[in-house]
There are 2 protein chains.
Amino acid sequence: MIRAKTNEMERESSPEKVEQILQGAMQEFLAHGFAGTSMDRVAAAAGVSKATVYSHFADKEGLFKALIERLARKKFQLIFGSEPLEGEPLEVLRQVGTRALEQMSTDQEHSAFMRVLIGESGRFPELAQICVNSMIKPTLVALKKYLASHPELKIRDPEAMARILLGSLVHFHITQEVLHGENIIPMKGDRIIDTMIDLLEKSVRAS
Amino acid sequence: MIRAKTNEMERESSPEKVEQILQGAMQEFLAHGFAGTSMDRVAAAAGVSKATVYSHFADKEGLFKALIERLARKKFQLIFGSEPLEGEPLEVLRQVGTRALEQMSTDQEHSAFMRVLIGESGRFPELAQICVNSMIKPTLVALKKYLASHPELKIRDPEAMARILLGSLVHFHITQEVLHGENIIPMKGDRIIDTMIDLLEKSVRAS
DNA sequence: GTCTATACTAAGATAGAC
DNA sequence: GTCTATCTTAGTATAGAC
């Protein structure tokens, strides 16, 4: 019969290969950056030939962009895409902050992603902007809305406050893990969070 | 006479060439990162031959490290190495913050330096640590000491507070300029500073 | 000390078989 | 669709002349 010409193993194996390629690309690009990564090593890490890589992605740049866009979505959901915020505001903020810090330091991939994203933001500005749009902006908007929806917190500028909260945590992560400062300027992340909550609490009392 | 053997143009022109090389290296490394930079282009940008570059620096890595260490010193002094802090504390903090934000966004070199430093921190951890030691740590220590020396600010954990203040500003700079988010999530830097000062002021009143 | 010319290696991308 | 083999360019580093 005619259908026999297409056996089970070869019909549309593309989706599978694409996934393999992206996995290999992730390993290599996150470890060595764009310029430091060779397509040979990507192919090897993916377990396919170089020609197969080029049959699914136009060139090195196309593969890189596809990977980063994919990772941007994934990272956002992993860190801030949890359950909706409910409960006593300051306690909620403490929990969210603690979870975010923990998630960032647990996930080794996250530090590597930040390195590549920031490191290549000069040569791939559109890519950086995609990440701003799909990670940073949604986080800031969610935080801002949460702060604004709790007038008892007496926050004049929720948008600016959201930046302060997020910035403090992300910068802490950058100095400690991304830049390997843990042993040079050691500090428990909880102190950042405690101090921020303390500030907010006093701010409520003073208003 | 014997001294004539050494004419004016050739005796010890090294320091001059070294400076040229470092200038060229800065231009190239800051624009393209470590792996993306070729020694050919460094030599061309420096206006010397490639062999001359190699006669002063062991290899590409050695040149890169020399450059980054040099820049770390320079950047710190440029942004935070100003006059000692005097005057009403909250007003001093506002001025320092404003100056820092302005300096960071004015100096195009600074964004490029952050990109390279963070981007290469995975492959050059020692280099990242040198920058933590010569830039971030001194800044945090100075801030902490300032905060601690003004008990009227009623700050329980000056060290953590220093991190919050610095982190908010640096993260703002990263999102707006380094990651090109200015048009996506626009905001005047003053709002960050105003909000932080407002928080500190209310914190004083509540204590 | 500095240059020109070159050895050697690796990388991006593709042609052609199956 | 996927592979092996290959073309071509570009990069690091050095040898040898001046």
Side-chain angles (χ1 to χ4, degrees), chain A residues 2-68 116 120 123-124, chain B residues 3-25 27-68 116 120 123-124:
Chain A
I2 296 167
R3 287 191 72 260
K5 256 187 82 181
T6 307
N7 77 37
E8 311 86 317
M9 291 276 78
E10 65 186 330
R11 55 122 196 253
E12 283 307 299
S13 61
S14 294
E16 198 177 311
K17 295 277 179 184
V18 168
E19 185 56 35
Q20 283 184 48
I21 294 168
L22 285 170
Q23 279 294 326
M26 181 171 76
Q27 193 182 117
E28 295 300 316
F29 279 125
L30 287 192
H32 308 108
F34 179 76
T37 294
S38 78
M39 294 297 264
D40 286 86
R41 292 181 60 158
V42 168
V48 301
S49 78
K50 201 158 50 159
T52 299
V53 176
Y54 278 99
S55 81
H56 290 281
F57 299 91
D59 52 16
K60 189 181 174 183
E61 198 170 313
L63 175 57
F64 182 65
K65 288 181 179 175
L67 174 73
I68 297 298
V116 174
E120 307 295 348
R123 272 186 295 178
F124 297 96
Chain B
R3 287 190 73 260
K5 254 188 84 179
T6 308
N7 78 38
E8 312 86 317
M9 290 278 77
E10 65 185 330
R11 57 119 197 253
E12 283 308 299
S13 61
S14 294
E16 199 176 310
K17 295 277 179 182
V18 168
E19 186 55 34
Q20 282 184 48
I21 294 168
L22 285 170
Q23 279 295 326
Q27 192 182 117
E28 295 301 314
F29 280 125
L30 287 191
H32 308 107
F34 179 76
T37 293
S38 78
M39 294 297 263
D40 286 85
R41 293 180 59 159
V42 168
V48 300
S49 78
K50 204 160 45 160
T52 299
V53 175
Y54 278 99
S55 81
H56 290 281
F57 298 92
D59 52 17
K60 189 182 174 183
E61 197 170 313
L63 174 57
F64 182 65
K65 289 182 178 175
L67 174 73
I68 297 299
V116 174
E120 307 295 349
R123 272 186 296 177
F124 297 97

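Naming convention: chains lettered A, B, ... in sequence-line order (proteins, then strands); numbering from 1 in each chain. Computed from a prediction, not measured in an experiment: that's the story for all the values here. Because only heavy atoms are used, hydrogens play no part in the values below, and waters and symmetry mates are left out as well, while side chains stay in.
- Under the 30°/60° scheme for interplanar angles, the aromatic rings of A:F29 and A:F34 are found to lie parallel.
- Residue B:R123 qualifies as enclosed at atom CZ: its count of foreign heavy atoms under 6.0 Å is above 12.
- Looking at A:T52 and A:S55, their side chains never bring a donor and an acceptor atom within 3.5 Å of each other.
- Listed by chain and residue number, A:E28 satisfy the side-chain hydrogen bond (donor to acceptor under 3.5 Å, both in side chains) test with A:H32 (two or more places apart in sequence, or in another chain).
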Dump the pairs, protein N or O against N or O of nucleotides 12-18 of chain C, anything under 3.5 Å, distances to one decimal.
{"residue": "C:dG12", "atom": "OP1", "partner": "A:T37", "partner atom": "O", "Å": "3.1"}
{"residue": "C:dG12", "atom": "OP1", "partner": "A:K60", "partner atom": "NZ", "Å": "2.8"}
{"residue": "C:dG12", "atom": "OP2", "partner": "A:M39", "partner atom": "N", "Å": "2.6"}
{"residue": "C:dG12", "atom": "N7", "partner": "A:K50", "partner atom": "NZ", "Å": "3.3"}
{"residue": "C:dA13", "atom": "OP2", "partner": "A:Y54", "partner atom": "OH", "Å": "2.8"}
{"residue": "C:dA13", "atom": "OP2", "partner": "A:K60", "partner atom": "N", "Å": "3.2"}
{"residue": "C:dA13", "atom": "N7", "partner": "A:K50", "partner atom": "NZ", "Å": "3.3"}
{"residue": "C:dA13", "atom": "N6", "partner": "A:K50", "partner atom": "NZ", "Å": "2.5"}

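- Put simply, the side chain of A:K60 gets close to the backbone of A:T37: a donor and an acceptor are under 3.5 Å apart.
- Phosphate proximity of C:dC3 to B:T52: present, with a side-chain N or O under 4.0 Å from OP1 or OP2.
- Phosphate proximity of C:dG1 to B:H56: absent, as no side-chain N or O sits under 4.0 Å from OP1 or OP2.
- Regarding A:H32, its NE2 atom lies at a distance of 15 Å from the C1' atom of C:dA11, rounded to whole Å.
- Going from atom CG of A:D59 over to atom NZ of A:K65 covers 8.5 Å, rounded to the nearest 0.5 Å.
- Phosphate proximity of C:dT4 to B:S49: absent, as no side-chain N or O sits under 4.0 Å from OP1 or OP2.
- Look at CZ on B:F57: it is 16 Å from P on D:dT14, rounded to the nearest Å.
- Rounding to whole angstrom units, CG of residue B:L63 and P of D:dA13 are separated by 10 Å.
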